[in-house]
Student: 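Here you go, one structure.
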Amino acid sequence: MPLIDGLTTLWDKLLGAQPDPPPLLVLLTAVVAVVVVATRLPWRIARNAVTIAHEGGHALMALFTGRRLRGIRLHSDTSGLTLSAGRPTGPGMIVTLLAGYVAPSLIGLAGAWLLAGNRITLLLWVAVALLLAMLVMIRNVFGVLSLLVTGGVVLAVSWYASPQVQAAFAWTSVWFLLFGGVRPVFELQRLRSRGRMPESDADQLARLTPFPALFWVGVFLLVALGALAVGALLLAEPIVVGVAGAVAV
């Protein structure tokens with residue numbers, strides 16, 4: 001039947017593995033991601049993606065721990081706010097607060113794992129699905145526009161772009177999340193040291209636990225660096241294979 005054949009084709013496309021990307025592509029996408037994270041204007045624009053992941057982490061853990069998610073707001077200054085109802089103390093609140101700064105890095109690590117298996121299409125479609133799920137909880141206009149634009153770009157690439165463009169987009173995006181998960185932690189501590197973020201996630205965690213805010217900043221950083229290290233190993237596999245093949249020849 002045409003419908004069944006179409007669904008089978010779609011399923012095979014979603015779960016099928018794409019060819020290994022050229023080692024040069026992997027290296028160039030890593031360089032692009034580093035440049036975007038390290039330079040002011042590109043980072044100012046691209047940081048919205050990190051904020052989406054950050055607030056998505058809060059939201060997911062709020063739901064996972066049984067809290068009532070009231071809404072998510074994304075702002076043009078790349079800040080965000082996730083509101084949930086429930087006990088103001090306890091493990092649920094702690095896990096919800098902890099999830100924000102580590103979410104971009106852990107999402108990047110999950111993406112690196114998918115790319116290590118060359119599941120590029122699956123990665124892109126999962127990203128679209130997560131953005132659509134998050135969209136229903138957005139409570140401000142900029143947040144809606146931000147998610148629609150981001151999701152639209154990912155969907156367009158997954159549907160219309162060539163396999164080479166999809167690979168470049170996917171590897172750049174995942175590298176960006178891995179590197180981009182580190183910089184906000186340093187920004188957080190810099191602002192805290194100037195007294196400009198008294199209600200940061202780390203400070204709220206300090207009030208809920210026996211550990212000081214600096215301890216939680218350290219936890220955020222360790223997770224981000226650990227995810228970057230493991231993710232880089234996964235993403236760099238085509239480079240390793242290429243070098244090994246060249247040596248063998």
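FYI, the numbering just counts along the sequence from 1.
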Student: Do V165 and V26 belong together in a cluster built from hydrophobic side chains that touch within less than 4.5 Å?
Tutor: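 In one cluster with V165: V26, no.
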
Student: Once ring pair (Phe, Tyr, Trp, His ring centres under 6.0 Å) is applied, do any residues pair with F64, and if so which ones, sequence neighbours excluded?
Tutor: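 With neighbours one apart ignored, the set is empty.
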
Student: Consider only side-chain heavy atoms of I, L, V, M, F, W and Y, link residues closer than 4.5 Å, and tell whether F215 and V95 are in one cluster.
Tutor: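 Cluster IDs for F215 and V95 differ.
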
Student: Rounded to the nearest 0.5 Å, what separates atom CG in L214 from atom OG in S193?
Tutor: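 Reported value, rounded in 0.5 Å steps: 10.5 Å.
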
Student: Compare all side-chain heavy atoms of L188 with those of M197 and state whether any distance is below 4.5 angstrom.
Tutor: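 Contact flag for L188/M197 side chains = yes.
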
Student: Is there a chain of hydrophobic side chains (I, L, V, M, F, W, Y, each step under 4.5 Å between heavy atoms) that links L25 to F179?
Tutor: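 Yes; tracing contacts between hydrophobic side chains, which count when under 4.5 Å, links both residues.
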
Student: Considering only heavy atoms from C-beta outward, does the side chain of L221 approach that of V182 to under 4.5 Å?
Tutor: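 The answer is yes, as the side chains (C-beta and beyond) meet within the 4.5 Å cut-off.
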
Student: Is any side-chain heavy atom of L234 closer than 4.5 Å to one of L109?
Tutor: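 Yes, at least one pair of side-chain atoms sits under 4.5 Å.
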
Student: Testing the basics here: between Q166 and T121, what is the closest heavy-atom pair and its distance to 0.1 Å?
Tutor: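 In this case the closest contact between Q166 and T121 is OE1-OG1, 3.8 Å.
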
Student: A206 and P212: which non-hydrogen atoms are nearest, and at how many Å?
Tutor: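 Between these two residues, the closest heavy atoms are CB-C, 3.8 Å.
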
Student: If you round to the nearest 0.5 Å, how far is OG1 of T89 from CZ of R87?
Tutor: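 R87 CZ to T89 OG1: 4.0 Å, rounded to 0.5 Å.
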
Student: Are I72 and L148 co-members of a hydrophobic cluster defined by side-chain heavy atoms under 4.5 Å apart?
Tutor: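 Per the 4.5 Å side-chain linkage, L148 and I72 are co-clustered.
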
Student: Are L178 and F176 linked, directly or through intermediate hydrophobic residues, by side-chain heavy-atom contacts shorter than 4.5 Å (ILVMFWY only)?
Tutor: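 As far as the 4.5 Å side-chain criterion goes, L178 and F176 are connected within one cluster.
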
Student: For a 4.5 angstrom cut-off between non-hydrogen side-chain atoms, does F220 reach F186?
Tutor: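 Side-chain contact under 4.5 Å: no.
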
Student: When the ring planes of F211 and W216 are compared, do they come out parallel, tilted or perpendicular, using 30° and 60° as the limits?
Tutor: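 Answer is perpendicular, since the angle exceeds 60°.
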
Student: Can you give me the closest heavy-atom contact between V217 and A202, atom names plus distance?
Tutor: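 Closest pair (atom of V217, atom of A202, distance): CG2-CB, 3.8 Å.
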
Student: Quick check for you: to the nearest 0.5 Å, what is the distance between L235 atom CG and L228 atom CG?
Tutor: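 Atom-to-atom, L235:CG and L228:CG are 9.5 Å apart.
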
Student: Provide the closest heavy-atom pair for A116 versus E237 in the form atom of the first, atom of the second, distance.
Tutor: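 Here A116 and E237 meet closest at O-OE1, 4.0 Å.
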
Student: For R183, enumerate each residue passing the side chain to side chain donor-acceptor pair (under 3.5 Å) test, keeping only those at least two apart in sequence or located in another chain.
Tutor: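 Result, side chain to side chain donor-acceptor pair (under 3.5 Å) vs R183: E187.
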
Student: I'd like to know whether CZ of R70 has more than 12 heavy-atom contacts from other residues, nucleotides or ligands below 6.0 angstrom.
Tutor: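 At most 12 heavy atoms, drawn from other residues, nucleotides or ligands, come within 6.0 Å of this atom.
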
Student: Please list all pairs passing the side-chain hydrogen bond (donor to acceptor under 3.5 Å, both in side chains) test where one or both residues lie in residues 55-68, with sequence neighbours left out.
Tutor: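 Every side-chain hydrogen bond (donor to acceptor under 3.5 Å, both in side chains) pair that includes a residue of residues 55-68, provided the two are not neighbours, is H54-H58, E55-T82, H58-D201, R67-S84.
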
Student: If a pair satisfies side-chain hydrogen bond (donor to acceptor under 3.5 Å, both in side chains) and one of its residues is in residues 134-153, list it, with sequence neighbours excluded.
Tutor: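 For residues 134-153, and leaving out neighbouring residues, there are no side-chain hydrogen bond (donor to acceptor under 3.5 Å, both in side chains) pairs at all.
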
Student: Quick one, S79 and T51 - any side-chain contact, counting heavy atoms below 4.5 Å?
Tutor: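 Heavy-atom side-chain distance check fails, nothing below 4.5 Å.
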
Student: Can you tell me how far apart CG (L74) and CD1 (I138) are? Round to the nearest 0.5 Å.
Tutor: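 Going from CG on L74 over to CD1 on I138, the span is 4.5 Å.
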
Student: Are there over 12 heavy-atom neighbours, none belonging to W43, within less than 6.0 Å of that residue's CH2?
Tutor: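 Yes, the 6.0 Å shell around CH2 holds more than 12 heavy atoms from other groups.
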
Student: Could you report the tightest heavy-atom contact between L208 and P88, atom names first, then the distance?
Tutor: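 Minimum heavy-atom separation between L208 and P88: CD2-O, 3.5 Å.
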
Student: Side chains of L155 and L131: closer than 4.5 Å at any heavy-atom pair?
Tutor: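 When only atoms from C-beta onward are counted, L131 and L155 do not touch, as no gap falls below 4.5 Å.
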
Student: Show the nearest heavy-atom pair for residues A53 and A103, with the distance to one decimal.
Tutor: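 Nearest heavy atoms, A53 then A103: O-CB, 3.3 Å.
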
Student: More than 12 heavy atoms of other residues, nucleotides or ligands under 6.0 Å from CZ of F142: is that the case?
Tutor: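 Count over threshold, so yes.
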
Student: Just how far is it from atom CG of L205 to atom CG of L97, taken to the nearest 0.5 Å?
Tutor: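 Going from CG on L205 over to CG on L97, the span is 5.0 Å.
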
Student: Quick check against the 3.5 Å criterion: does R119 have a side-chain atom that pairs as donor or acceptor with the backbone of G117?
Tutor: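 Looks like yes, one N/O pair under 3.5 Å.
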
Student: Which other residues belong to the hydrophobic cluster containing I45, where Ile, Leu, Val, Met, Phe, Trp and Tyr are joined when side-chain heavy atoms lie under 4.5 Å apart, directly or via other members?
Tutor: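 So far as hydrophobic clustering goes, I45 is joined with L41.
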
Student: Before you tell me yes or no, could you show the steps for L123 and V174 under side chain to side chain contact (heavy atoms under 4.5 Å, CB included), namely the whole-Å CA-CA distance, both residues' side-chain angles and the distance that decides it to 0.1 Å?
Tutor: CA-CA 10 Å; L123 170 67; V174 172; 3.9 Å; yes

Student: Report the distance from atom CG of L60 to atom CE of M134, rounding to the nearest 0.5 Å.
Tutor: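 With rounding to 0.5 Å, CG (L60) is 10.5 Å from CE (M134).
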
Student: Can you check whether F169 reaches V154 side chain to side chain, under 4.5 Å on heavy atoms?
Tutor: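 They are in contact (side-chain heavy atoms under 4.5 Å apart), so the answer is yes.
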
Student: Given side chains that start at C-beta, do those of Q164 and P22 come closer than 4.5 Å, heavy atoms only?
Tutor: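 Q164 does not reach P22 side chain to side chain.
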
Student: Test: salt bridge (charged side-chain N to carboxylate O under 4.0 Å, His left out). Region: residues 202-224. Which pairs qualify, not counting sequence neighbours?
Tutor: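 Passing the test, one end in residues 202-224: R192-D203, E199-R207.
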
